[in-house]
Amino acid sequence: MTHWTVFHILTQILRWILPVFVTVHALIHKRDTASCTGWIGICWIAPLLGTVLYLMFGINRVRRRAQKMVNQHLWEGRDPLAQYRQTVEGNLAPLSKMLGRLTERPLMRGNSVTCLHDGDNAYPVMLEAIGQAKKSIILCSYIFRDDEVGQRFAEALVAAKRRGVAVRVLVDGIGSGYFRCGIERRLRREGVACARFMHSVWPWRMPFINLRNHRKILVVDGTVGFMGGLNIGEENMLRLRTKLPVADTHFRLQGPIVHQLAVSFAWDWSFTTGEELEGERYLPEPSPVGDVPMRIVTSGPDTDLEKIEYGMLQAFSLARSHIWVMTPYFLPDDRFSTELILAALRGVTIDIVVPKSSNHALIDHARDANLRPFLDAGCRVWMADPPFNHSKLMVVDDEWSFVGSANIDMRSLRLNFEINLEIYDRGVAKDLSTFMKTHRRNRLTHHDLDSMPFPIRMRNSAIRLLLPYL
């Protein structure tokens, strides 16, 4: 028997074994029937290539690793948040109950929140907090550029390290540079502990390239926290007039809610480095600073799968009068679209504010092809003028606000690691609604969509087919 004959026999065996393996694995592990069917079909059509792609992108290894960490990472001792637990009454009570059971985090009273727009306003406050740190600083950012703004943050972090503050910095393995991460080199050179989330240049680790940490977290001494949509880079300083300026919204937090914010970072840090951040230095005894009820909601392709989206869907189903949505990218999946459209059909006023042009043209094209059903249902869609606004804000019935890092697209709500904050406060809701109202510039109509040239509509519709991957 020649070598060629042996090779041919092995090839034929693999041609049947590999698709069978993928079929069995996909049937057992894939929840989404379309995804399951697609992977099985690809592997039977192209067994070798399909199997390689499935091994790289089709298996959620992160969920298994995260579940293992959940089983091992048990918080011992009394619950330091028990005395601050808050209940909600009225129409939104089911929402609070559902999110409590879903996230296993209590709604916390005794908090304060300050809204900070753009890096011009947020960065000075964040740098001041870092400069006043005495015990610990934990910082997570999807983008942390090694530019003028990034260098200012790096200098502040290094200075804190030198005066004895424990500093931990986590940046995303893609967002802050895949082949070269200048800020990581700078911080490590100065002795600051800095890690890159899910980063590897090795091909067998490539399945993680599609799963990003999009969270933005800063906690100082366990008592002052910052979160929202703001990355760290010059483009967020509007006064610098960069080529592609980015407006954004961030939030300064105090009170027991900061404990939840710090714990969410601690899990990401442990997941990435194996180091546990515990004790008084990182998680001090909480104390009340205000009276606003809040809760942290995280999501990601692990034990937190789709929790932020579930919170949004429940809020839509309970809405009675008005829903405000402001997002840089609006490419919702079918169930999100259905729930929002049903709310509009039962008489809820819905305002959706999106940028006229974002920093991703493909997403804009796909979005434009996806807006007609919302207009048909009576939703009001507004195109905000430049600069590109990266804020992610939601307000329901002028009572409940949902803010943070999550965009309204399938990547953000299912593949990325995101963090949002729910706020039960009419004052905050009013301020955010007013902010969104000021960005209602040009209302999109059916005529606008119909008047687009045919080639543009065809392009947009074709790009829309890539919705799950954008």
Side-chain angles (χ1 to χ4, degrees), residues 25-40 42 53-67 69-70 98-99 102-104 140 142 172-175 197-198 206-216 229 264 267-268 271 296-317 325 327-340 354 358 360 362-363 366-367 370 390 392 394 402-422 463-470:
H25 191 278
L27 289 174
I28 294 175
H29 295 284
K30 289 293 178 185
R31 291 172 50 192
D32 185 88
T33 55
S35 173
C36 180
T37 303
W39 280 116
I40 292 174
I42 290 174
L53 292 175
Y54 183 75
L55 292 173
M56 292 179 65
F57 297 104
I59 299 177
N60 190 347
R61 297 174 178 84
V62 179
R63 186 185 302 178
R64 283 187 287 173
R65 288 177 59 190
Q67 185 61 54
M69 193 177 88
V70 168
M98 184 277 289
L99 280 173
L102 186 67
T103 65
E104 298 183 345
C140 174
Y142 176 67
D172 185 69
I174 298 293
F197 186 84
M198 284 192 183
M206 288 297 282
F208 295 152
I209 199 171
N210 205 34
L211 308 175
R212 312 307 344 141
N213 191 325
H214 197 238
R215 296 168 182 166
K216 292 89 176 175
S264 66
W267 279 63
D268 287 346
F271 182 83
I296 291 294
V297 182
T298 53
S299 68
D302 52 11
T303 54
D304 284 340
L305 185 65
E306 299 174 334
K307 290 182 179 180
I308 286 179
E309 184 177 12
Y310 288 158
M312 295 176 176
L313 297 178
Q314 179 75 340
F316 295 160
S317 69
V325 175
T327 179
Y329 316 114
F330 188 69
L331 283 172
D333 60 11
D334 288 340
R335 64 185 179 190
F336 186 105
S337 302
T338 299
E339 201 66 57
L340 197 58
V354 295
S358 74
H360 294 292
L362 287 179
I363 294 179
R367 175 202 66 196
N370 205 44
H390 193 247
K392 306 96 165 36
M394 183 177 296
F402 204 39
V403 302
S405 68
N407 302 310
I408 299 180
D409 58 53
M410 295 176 66
R411 159 169 289 283
S412 186
L413 296 177
R414 295 188 183 180
L415 296 179
N416 287 347
F417 292 82
E418 305 281 4
I419 184 167
N420 268 30
L421 173 72
E422 61 161 347
I463 295 175
R464 179 180 174 271
L465 298 178
L466 301 176
L467 189 150
Y469 312 103
L470 295 174

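Quick note: residue numbers are just sequence positions, from 1. None of these values were measured; they are calculated from a predicted model.
Of all heavy-atom pairs spanning Asn420 and Gly404, the tightest one is OD1-CA, 3.4 Å. Between Phe330 and Arg367, the shortest heavy-atom distance links the atoms O-CG, 3.4 Å. Of all the heavy atoms in Glu309 and Phe336, the pair that sits closest is OE2-CB, 3.8 Å. Minimum heavy-atom separation, Met98 to Tyr310: CE-O, 3.6 Å. Of all heavy-atom pairs between Asn213 and Cys140, the closest is OD1-SG, 3.8 Å. Taking every heavy atom of both residues into account, Ala26 and Ile40 meet most closely at CB-CG1, 4.1 Å.
Under the 4.5 Å side-chain criterion, counting only non-hydrogen atoms from C-beta, Leu421 is in contact with Ile296. Counting only heavy atoms from C-beta outward, the side chains of Leu413 and Asp333 never approach each other to under 4.5 Å. Counting heavy atoms from C-beta on, the side chains of Tyr142 and Phe417 never come closer than 4.5 Å. Residues Arg212 and Arg411 form a side-chain contact, since some pair of their non-hydrogen atoms from C-beta on lies under 4.5 Å apart. The closest side-chain heavy-atom distance from Thr327 to Asp409 is not below 4.5 Å.
Interatomic distance, CG of Asp172 versus CG of Asn416, reported as 8.0 Å (0.5 Å rounding). In this structure, CD on Glu339 lies 6.0 Å from CG on Leu313, to the nearest 0.5 angstrom. In this structure, OG in Ser299 is found 10.5 Å from CG in Leu415, a value given to the nearest 0.5 Å. From Ser264, atom OG reaches atom CD1 of Ile419 across 3.5 Å, with rounding to the nearest 0.5 Å.
Taking the salt bridge (Lys or Arg N to Asp or Glu O under 4.0 Å) definition, one finds that Glu306 meets it with Arg31, Arg335, Arg414, sequence neighbours left out. The side-chain hydrogen bond (donor to acceptor under 3.5 Å, both in side chains) check on Lys392 picks up His390, Asn407, with sequence neighbours excluded. Residues meeting the side-chain hydrogen bond (donor to acceptor under 3.5 Å, both in side chains) test with Thr298, sequence neighbours left out: Arg105, Asp304.
Side chains of Glu418 and Ser405: a donor-acceptor N/O pair is present below 3.5 angstrom, by distance only.
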> Where do Gln314 and Leu102 land on the side chain to side chain contact (heavy atoms under 4.5 Å, CB included) test, with the steps shown first?
Replying inline: CA-CA 12 Å; Gln314 179 75 340; Leu102 186 67; over 6 Å; no

